[in-house]
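A short worksheet on the structure shown next.
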Protein chains: 2
Amino acid sequence: MTEARPLTISDLAARTGLRPDTVRYYERVGLMPEPRRTSGDHRRYDDLAVDRLQFIRGAQRLGLRLHDIRDLLAVRDTGECPCEPAEPLLRSRIAEIDAELDRLQHLRADLVAMADQLPSATCPDPVPGTWCPPDHRVTEGRCDACSI
Amino acid sequence: MTEARPLTISDLAARTGLRPDTVRYYERVGLMPEPRRTSGDHRRYDDLAVDRLQFIRGAQRLGLRLHDIRDLLAVRDTGECPCEPAEPLLRSRIAEIDAELDRLQHLRADLVAMADQLPSATCPDPVPGTWCPPDHRVTEGRCDACSI
DNA sequence: CTAGAACCCGGAGCCGACTCCAGGGTCAAG
DNA sequence: CTTGACCCTGGAGTCGGCTCCGGGTTCTAG
């Protein structure tokens, strides 16, 4: 069977697409438990560690923060399914993402409007002056109300 | 005329919705030129400084980074309209935003799928195991391929 | 003239998630 | 046993954009 043979930290890292430093970092911040060590103080891991790191990666892919992932892991460690506490977490991340999408869509629209009018209108009179977002009207090469 | 009477750093900050610390910070990083000083070494500003900070705020509103804004200001300082160099900058920011929107939309879809299936399926067997993104099929409470 | 608000400066701290470093020690293949 | 790849630690650095601090100085209204 493919049991036993313990993994070094870089074996583990390689299997999970991380770097050894990152694994040590996860240990420091409490995502990974302290592993057993060789007599020479080198970390040795088993497949549970691989599983745990994959859980972390999966949760990260879902846009969760290490802070939240730590909480889910704590639940998981009790032997319970982390789904129950995960759902509100996911819902609130969705809300955050919606807010960010909204912000970016508005921003994008502003940028496009700005970029489109740039080559033509605003530039007749190369004078140092205010250069404004597109929702501020420009009169005679100058911005009316650039109070933001 | 509303000329002359020079502004202290907090006057300037108040007029532009910033804090004095922020203005000093902008000076440190090269966005604002060194202003003149009183004999006691206090900064004194004029309306050009207000204009400049408004330009900075406007460009920030468009999602430009201080680094880029500094470049635009450098052009503006030559007396030229910063539009010419601004356009490619804006276009590349738009591309970045598109990439980010894309990422967030995928992420959102994954989160929703995950959150929707949480209360039901995945949880029949509260065993510590892998908990995976929704595009990885789950068989008998376990994930087939959770290699990211 | 005096009180108290505002200013000065350099540097540190914050957020998140790493990443890298130096200066050692250890492991395993040959 | 040697060699070279790997590992250890604690701490610092990175990115961006501020924000705050302490200890000292200056400005200004009354």
Side-chain angles (χ1 to χ4, degrees), chain A residues 4-32 34-45 49 53 55-73 89 93 96-97 100 103-104 107 148, chain B residues 5-32 34-45 49 53 55-73 89 93 96-97 100 103 107 148:
Chain A
R5 188 154 77 291
L7 305 166
T8 67
I9 194 167
S10 33
D11 293 338
L12 175 62
R15 283 211 195 177
T16 50
L18 299 169
R19 299 190 191 196
D21 268 342
T22 307
V23 176
R24 279 187 285 258
Y25 169 69
Y26 285 171
E27 185 182 323
R28 264 201 299 234
V29 298
L31 291 167
M32 295 296 286
E34 300 205 358
R36 61 201 167 82
R37 304 272 190 146
T38 65
S39 55
D41 219 26
H42 286 200
R43 291 170 178 82
R44 284 297 118 99
Y45 297 93
L53 284 177
F55 180 95
I56 294 170
R57 293 277 271 164
Q60 254 188 327
R61 254 177 54 91
L62 289 174
L64 299 183
R65 286 171 283 238
L66 295 187
H67 175 84
D68 295 327
I69 297 172
R70 187 170 47 201
D71 296 345
L72 293 181
L73 282 165
L89 217 57
R93 285 295 288 145
E96 285 174 33
I97 287 169
E100 181 66 5
R103 198 185 69 83
L104 286 179
L107 184 54
I148 284 267
Chain B
R5 189 156 74 287
L7 305 166
T8 67
I9 193 166
S10 33
D11 292 339
L12 176 61
R15 284 211 193 178
T16 50
L18 298 170
R19 299 189 190 198
D21 268 342
T22 307
V23 177
R24 278 188 283 259
Y25 169 70
Y26 286 171
E27 185 181 323
R28 265 201 297 231
V29 298
L31 290 167
M32 295 296 287
E34 299 206 358
R36 61 202 164 81
R37 307 271 188 144
T38 65
S39 55
D41 218 26
H42 286 199
R43 291 169 178 81
R44 285 296 119 99
Y45 296 93
L53 284 177
F55 179 95
I56 293 171
R57 294 276 273 163
Q60 255 187 327
R61 253 177 54 92
L62 290 175
L64 299 183
R65 286 172 282 240
L66 295 187
H67 174 85
D68 293 329
I69 297 173
R70 187 170 47 200
D71 295 346
L72 293 180
L73 283 165
L89 218 55
R93 285 295 290 144
E96 284 174 34
I97 288 169
E100 181 67 4
R103 195 184 72 80
L107 184 54
I148 287 278

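Just so it is clear, the structure is predicted and the values come from calculations on it, not from any experiment. Reckoned from all heavy atoms, side chains included, excluding hydrogens, waters and symmetry mates.
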- [ ] Provide, to the nearest angstrom, the distance between the CZ atom belonging to Arg61(B) and the C1' atom belonging to dG17(D).
- [x] 18 Å
Task: Distance in angstrom units between Glu34(A) CD and dC8(D) C1', rounded - done: 13 Å
I'd like to check the salt bridge (Lys or Arg N to Asp or Glu O under 4.0 Å) partners of [X]; sequence neighbours left out, ordered by chain and number.
X: Arg15(A); value: Asp47(A)
X: Arg24(A); value: Asp21(A)
X: Glu100(B); value: Arg103(B)

Open item on the list: Tell me every residue that passes side-chain contact (heavy atoms from CB on, under 4.5 Å) with Tyr25(A), counting only those two or more places apart in sequence or in another chain.
Closed with: Arg28(A), Val29(A), Leu66(A)
Open item on the list: Suppose we screen for side-chain contact (heavy atoms from CB on, under 4.5 Å). Which residues come up paired with Arg65(A), at least two apart in sequence or across chains?
Closed with: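 Checked Arg65(A) against side-chain contact (heavy atoms from CB on, under 4.5 Å); matches are Asp68(A), Arg93(A), Glu96(A).
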Open item on the list: Each nucleotide in nucleotides 6-22 of chain C should get exactly one letter: B, S or -. Can you fill that in based on protein heavy atoms under 4.0 Å?
Closed with: SSSSBB-----BBBB--
Open item on the list: At less than 4.0 Å, is any side-chain N or O atom of Thr38(A) found next to OP1 or OP2 of dC27(C)? Yes or no.
Closed with: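 It does, given that an N or O in the side chain of Thr38(A) lies less than 4.0 Å from OP1 or OP2 of dC27(C).
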